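Just below is one structure, and these are the notes that go with it.
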Amino acid sequence: MRKKIIAGNWKMNKTLDEATVLATEIRSQVMQRGHANLLTILAPPFPYISELAHHCADTDGLALGAQNCHTETQGAFTGEVSAQMIASCGAAFVLVGHSERRLYFQEDAETLRKKINQAYACGLTPIYCIGETWEQRSAGKHVDTVAQQLRESLLHLTPDFFATHPLPILAYEPVWAIGTGNTATTEQAQEMHAFIRNELHQQWNETLAQTTPILYGGSCNASNAADLFACQDIDGGLIGGASLKATDFQHIRQAMLEVLA
Ligand code: PGA
């Protein structure tokens, strides 16, 4: 069975004290109610990773991720954070290609390809985010957009590579659904997830396509999570706003636990 994943993207929110309280609450929820096939990932801001890694260490089913990394390992890049640093602080995952990075920080396909390579080189598993804008969907270009994002930044990796490296996690996040309350319908989400899995099948092989987790993100919350997670090709969620309150996040985890029951 494919791994199920609920990941919280905290974005640029919370003080260290608030972040520690939230992580502690989620940790106890994970310890009380978990499943061998469910992984919960918290992606806090960079400065908190090390502290939270101590809190979350040795908790089965709970891991930390960063929200971004640089393309290089080290050097004169004032203000930047490398994948190597993130790994040394105790995180195992890193978001790459979040639409806010693409839009506000002009991260292009080539940069994201380098970031994915760099994440792997430093022992991190990338969570590669893809998704179309509303304009692209309205013009009927949503499928082509996502195909291009896959091709340009991820599909240079070959099946051989995955003999020695973990599979990536993909997150389909329609840009028009992020932070807007306009969740994709289950039909829209499932259709795109099935398309993505088919692309992996075409470019890689059936085994890799069937084992790569594909998460949905974009206004996923306690009231729509169960319907989304019931879809055949949706393996969990990348949660923004609803990951900032432990009770909301727990409801979303609970929805996945029910799918697994
Ligand atoms: P949202 O954000 O859940 O607040 O829409 C999701 C994301 O940006 O990953």
Side-chain angles (χ1 to χ4, degrees), residues 4-14 18-19 22-23 26 39-46 48-49 63-69 86 91-107 112 115-116 119 124-134 136-137 142 145-146 149-150 153-154 168-186 188-189 192-193 196 213-229 231 234-256:
K4 304 291 183 185
I5 296 164
I6 306 295
N9 172 13
W10 294 359
K11 308 193 182 185
M12 197 174 74
N13 290 295
K14 305 221 173 266
E18 290 164 352
L22 179 57
I26 293 169
L39 176 63
T40 300
I41 301 173
L42 304 180
F46 287 135
Y48 311 153
I49 291 176
L64 284 173
Q67 299 170 17
N68 178 35
C69 67
I86 293 165
F93 297 89
V94 61
L95 299 181
V96 176
H98 190 282
S99 66
E100 288 152 16
R101 301 291 319 172
R102 293 180 193 258
L103 182 64
Y104 304 141
F105 301 93
Q106 289 80 44
E107 294 194 355
L112 300 179
K115 289 190 178 196
I116 287 178
L124 297 177
T125 297
I127 303 174
Y128 180 47
C129 306
I130 52 184
E132 80 287 355
T133 61
W134 183 250
Q136 288 162 331
R137 180 166 280 268
H142 47 298
T145 301
V146 165
Q149 290 168 337
L150 285 171
S153 306
L154 180 72
I169 298 167
L170 293 179
Y172 169 57
E173 299 202 301
V175 179
W176 47 273
I178 295 178
T180 59
N182 299 325
T183 321
T185 63
T186 50
Q188 288 169 326
M192 188 64 90
H193 282 234
I196 293 166
I214 308 176
L215 316 184
Y216 170 80
S219 299
C220 181
N221 58 38
S223 34
N224 57 34
D227 287 343
L228 287 161
F229 298 164
C231 296
I234 299 183
D235 304 311
L238 178 55
I239 318 296
S243 71
L244 296 173
K245 276 203 200 139
T247 43
D248 292 350
F249 195 61
Q250 174 57 7
H251 282 128
I252 295 171
R253 287 188 67 255
Q254 185 61 37
M256 184 52 90

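All ligand and atom numbering here is 1-based and tracks the order in the structure. Everything quoted here is computed from the prediction, not taken from an experiment. In what follows, every heavy atom counts, from backbone to side chain, and hydrogens, waters and symmetry copies are set aside.
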Please work out whether any backbone atom (N, CA, C, O) or any side-chain heavy atom from C-beta onward of N9 is under 4.0 Å from ligand 1, and answer side chain, backbone, both or neither.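 Within the 4.0 Å criterion, N9 contacts ligand 1 through side-chain atoms alone.
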Side chain, backbone, both or neither: the part of A242 lying under 4.0 Å from ligand 1 by heavy atom: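 Contact part for A242 vs ligand 1: neither.
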Against heavy atoms of [X], which atoms of ligand 1 measure under 4.0 Å?
X: L238; result: 6 (C), 9 (O)
X: G218; result: 5 (O)
X: A177; result: 5 (O)
X: K11; result: 2 (O), 7 (C), 8 (O)
X: G179; result: 1 (P), 4 (O), 5 (O)
X: G241; result: 1 (P), 3 (O), 4 (O)

Is there any N or O on S219 that sits under 3.5 Å from an N or O of ligand 1?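 So ligand 1 has an N or O lying under 3.5 Å from an N or O of S219.
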Does the N or O separation between G240 and ligand 1 drop below 3.5 Å for any pair?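 Between G240 and ligand 1 (N or O atoms, distance only) the closest approach is under 3.5 Å.
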Regarding atom 8 (O) of ligand 1: of the candidates E100, H98, E173, which has the closest heavy atom?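 Selected option, by shortest heavy-atom distance: H98.
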When you measure from the side chain of R137 to the backbone N and O of H142, does any donor-acceptor pair fall under 3.5 Å?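 No, R137 side chain to H142 backbone: no donor-acceptor pair under 3.5 Å.
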Q67 side-chain N/O to A43 backbone N/O, donor-acceptor pair under 3.5 Å: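 Yes.
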Less than 4.0 Å between a side-chain N and a carboxylate O, is that true for E107 and R101?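 Counted as a salt bridge, because a side-chain N and a carboxylate O are separated by less than 4.0 Å.
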Answer yes if the side chains of W176 and E132 hold a donor-acceptor pair under 3.5 Å, and no otherwise.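 Side chains of W176 and E132: pair found under 3.5 Å.
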Test item: side-chain donor near acceptor, D227 and T186, under 3.5 Å: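 Their side chains do not contain a donor-acceptor pair, so the 3.5 Å distance test is not met.
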For the student: nearest non-hydrogen atoms of C220 and I252, plus distance: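 Scanning both residues, the minimum pair turns out to be O-CD1, 4.0 Å.
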Kindly give the heavy-atom pair with the smallest separation between T183 and A177, and that separation in Å.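 Here T183 and A177 meet closest at CA-CB, 4.3 Å.
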Could you please spell out the steps behind the side-chain hydrogen bond (donor to acceptor under 3.5 Å, both in side chains) verdict for T133 and Q136? CA-CA 5 Å; T133 61; Q136 288 162 331; 3.1 Å; yes
